[in-house]
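Before any comments, here is the structure.
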Amino acid sequence: MRTFGKWLGRILLALVVAVVVVGLWKREEVTRLLAVNSLFAEDKIVHNFSHMDDAFLSKPLSRGDGPTAELSYGPEYAPPAEVNDWIEARDVTALVVLKDGQIVYENYFKGTQPDDLRISWSVAKSYLSALVGILLDEGAIASLDDPVTTYAPKLKGTAYDGATLRNVLNMASGVTFDEDYLDPDSDINKMGRALALGGELDDFTASLKDTFTTPGSQWQYVSIDTHVIGMVVRGATGRSVTDLLSEKVITPMGLEHAPYYVTDGAGVAFVLGGLNLTTRDYARMGQMFLQNGRYNGQQIVPADWVAASTAPSAPTTEGQIGYGYQWWIPQDATEGEFMARGVYGQYIYINRADGVVIATNAADRKFREAGISDQNIAIFRQISAALGGT
């Protein structure tokens, strides 16, 4: 019996040592996974959205060594009660409003600061779209109607075999992908866990085999389509999205702060939602698109791409919100009214007729409730209309 006890004790000791060794070896991965599991917790979400590099691998983007593009202050806009109520109800953390390129309102909430680098979520998709327009103009990408497998051969034999670059820009790939953020077993959340554990998103994307319709025939918002756009960009140029976006968009804009991308385990940018900037710098992006791609004294994005990407070209159902090439177009939009939009309340809203840009960040855990998106757009239009005649 004493021999058995010694034997059992040695086994337990070996197990404890093994657990400690594995825990130390995988400490970073375990820490990131725990952080991801509490990313949207009510008591942590505001902090997390300004510190995404604590939860994920990340890579900085260069802003270059040029001067910051000026954002001067114009006549102050005083929000009415409806806007202030909306700020509180939607857990807004930052709101910057530009009129004719000048800041007329800027405020930060819930303990956040102006210099916080805030997660874009799907607002990042519009940045990647801008890069595609530049590469198309330069000839690195030959045509929007090229199959994605021309530039990303890893996708041959997958659900994306047969889809074109235009299809994925339009979110009309026909690929089956569950985007339910509230379901822990959804594809989007499986992808998030793979990201936290240092997996490679190219492999994750290539594992998708199912489609629900033919490419180009039906619009359905599928965030992994944007990763495919990133694969096309990398395949067409032989360069990383991080370097390309820094060189061709970020540096020319003269941002205040160098942004960063969340990345996967291979250092590949999480292009479908991992860009982090200050809210003022999000507003600069909106101002550039309001000015047809021109900003900081130069044409950064081709004007014809600005027009094409912000037009409702996707095969959305009649009566739904419109969609272009990774940009949203509100129902009954006026000419030059469009927006970038991300989950939990991230927006860049542009109203060219009124000369207004609105950049907002939030930690709205109720963002998917019925009518919330329409309420947000209504508030943006109210602010824009109030400033349009000034």
Side-chain angles (χ1 to χ4, degrees), residues 22 24-37 39 48 51-62 117 119-125 127-129 131-132 135 140-141 148-161 163 165 168 173 175 177 179 186-209 222-250 258-277 326:
V22 171
L24 291 173
W25 177 43
K26 293 289 187 180
R27 181 172 55 188
E28 287 188 9
E29 288 89 341
V30 171
T31 299
R32 289 197 300 268
L33 186 59
L34 291 173
V36 168
N37 286 338
L39 196 64
N48 289 343
H51 300 85
M52 293 297 287
D53 50 348
D54 289 347
F56 296 98
L57 299 171
S58 62
K59 189 173 182 179
L61 282 74
S62 172
L117 295 175
I119 183 68
S120 62
W121 295 121
S122 290
V123 168
K125 294 177 169 70
Y127 282 78
L128 185 63
S129 172
L131 181 58
V132 168
L135 296 176
I141 296 172
V148 295
T149 52
T150 299
Y151 305 98
K154 189 181 182 76
L155 297 177
K156 290 180 179 179
T158 74
Y160 281 99
D161 203 341
L165 178 55
V168 290
S173 66
V175 170
F177 187 82
E179 191 113 353
S186 67
D187 291 317
I188 195 75
N189 284 320
K190 288 177 182 176
M191 182 191 68
R193 289 191 290 273
L195 194 68
L197 292 173
E200 296 187 22
L201 291 183
D202 285 2
D203 291 342
F204 183 89
T205 307
S207 74
L208 300 174
K209 305 296 182 183
V222 175
S223 278
I224 204 69
D225 279 4
T226 309
H227 184 75
V228 173
I229 299 169
M231 293 177 75
V232 168
V233 166
R234 287 185 278 123
T237 63
R239 300 179 63 193
S240 70
V241 171
T242 307
D243 288 347
L244 287 165
L245 194 70
S246 294
E247 175 188 313
K248 298 181 181 297
V249 179
I250 301 300
Y260 69 87
Y261 260 123
V262 167
T263 72
D264 70 5
V268 172
F270 183 50
V271 293
L272 60 92
L275 195 58
N276 295 258
L277 299 100
Q326 309 284 288

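Quick note: residue numbers are just sequence positions, from 1.
- Contact of the Asn276 side chain with the Ile119 side chain is registered, since non-hydrogen atoms from C-beta on lie closer than 4.5 Å.
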Could you go through Ile224 and Asp187, starting from their C-alpha distance and side-chain angles, then the distance that decides it, and tell me whether this counts as side-chain contact (heavy atoms from CB on, under 4.5 Å)?
CA-CA 9 Å; Ile224 204 69; Asp187 291 317; over 6 Å; no
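- With rounding to the nearest 0.5 angstrom, the CG atom of Leu61 is 11.5 Å from the OH atom of Tyr260.
- Leu197 contributes atom CG, which lies 12.0 Å from atom CG of Asp264 (distance to the nearest 0.5 angstrom).
- Evaluation of the side-chain contact (heavy atoms from CB on, under 4.5 Å) rule for Asp202 yields Lys154, His227, Met231, Arg234 as partners, not counting sequence neighbours.
- Here CG of Leu39 is found 5.0 Å from CG of Asn48. Values are rounded to the nearest 0.5 Å.
- At distances below 3.5 Å, not a single donor-acceptor pair connects side-chain atoms of Asp53 with backbone N or O atoms of Ser58.
- Between Val168 and Val228, the shortest heavy-atom contact is CG1-CG1, 4.2 Å.
- Taking the side chain to side chain donor-acceptor pair (under 3.5 Å) definition, one finds that Glu200 meets it with nothing, sequence neighbours left out.
- To the nearest 0.5 Å, atom CD1 of residue Ile250 and atom CG of residue Asp243 are 12.5 Å apart.
- For Ser223, the side-chain contact (heavy atoms from CB on, under 4.5 Å) test picks out Ser122, Lys125, Glu179, Tyr181, Ile188, Tyr221, Leu272, with sequence neighbours left out.
- Heavy atoms only, all atoms of each residue included: Ala124 and Val271 are closest at CB-O, 3.7 Å.
- Across all their heavy atoms, Asp225 and Ser173 have their closest contact at OD1-OG, 2.8 Å.
- Remark: Ala236 pairs with Ile141, Tyr151 by the side-chain contact (heavy atoms from CB on, under 4.5 Å) rule, at least two apart or across chains.
- Minimum interatomic distance between Thr242 and Pro60 (heavy atoms only, all atoms of both residues): CG2-O, 3.6 Å.
- Qualifying side chain to side chain donor-acceptor pair (under 3.5 Å) partners for Ser186, counting only residues two or more places apart in sequence or in other chains: Asn189.
- To the nearest 0.5 angstrom, Phe177 atom CZ is 8.0 Å from Thr205 atom OG1.
- A donor-acceptor pair under 3.5 Å is formed between the side chain of Ser120 and the backbone N or O of Leu275.
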Taking it one step at a time, do Leu195 and Val262 satisfy side-chain contact (heavy atoms from CB on, under 4.5 Å)?
CA-CA 9 Å; Leu195 194 68; Val262 167; 3.8 Å; yes
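- To the nearest 0.5 angstrom, Leu208 atom CG is 7.5 Å from Thr158 atom OG1.
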Go through the steps for Ile229 and Gln326 under the test side-chain contact (heavy atoms from CB on, under 4.5 Å), then give the verdict.
CA-CA 10 Å; Ile229 299 169; Gln326 309 284 288; 3.6 Å; yes
Dump the intermediate steps for side-chain contact (heavy atoms from CB on, under 4.5 Å) on Tyr160 and Val175, then the final yes or no.
CA-CA 7 Å; Tyr160 281 99; Val175 170; 3.6 Å; yes
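- Side-chain contact between Tyr127 and Leu277: present, with at least one pair of heavy atoms (C-beta onward) separated by less than 4.5 Å.
- When all heavy atoms are compared, the tightest approach of Ser62 to Ser246 is N-OG, 3.2 Å.
- A search for side chain to side chain donor-acceptor pair (under 3.5 Å) contacts involving Lys248 returns Glu138, not counting sequence neighbours.
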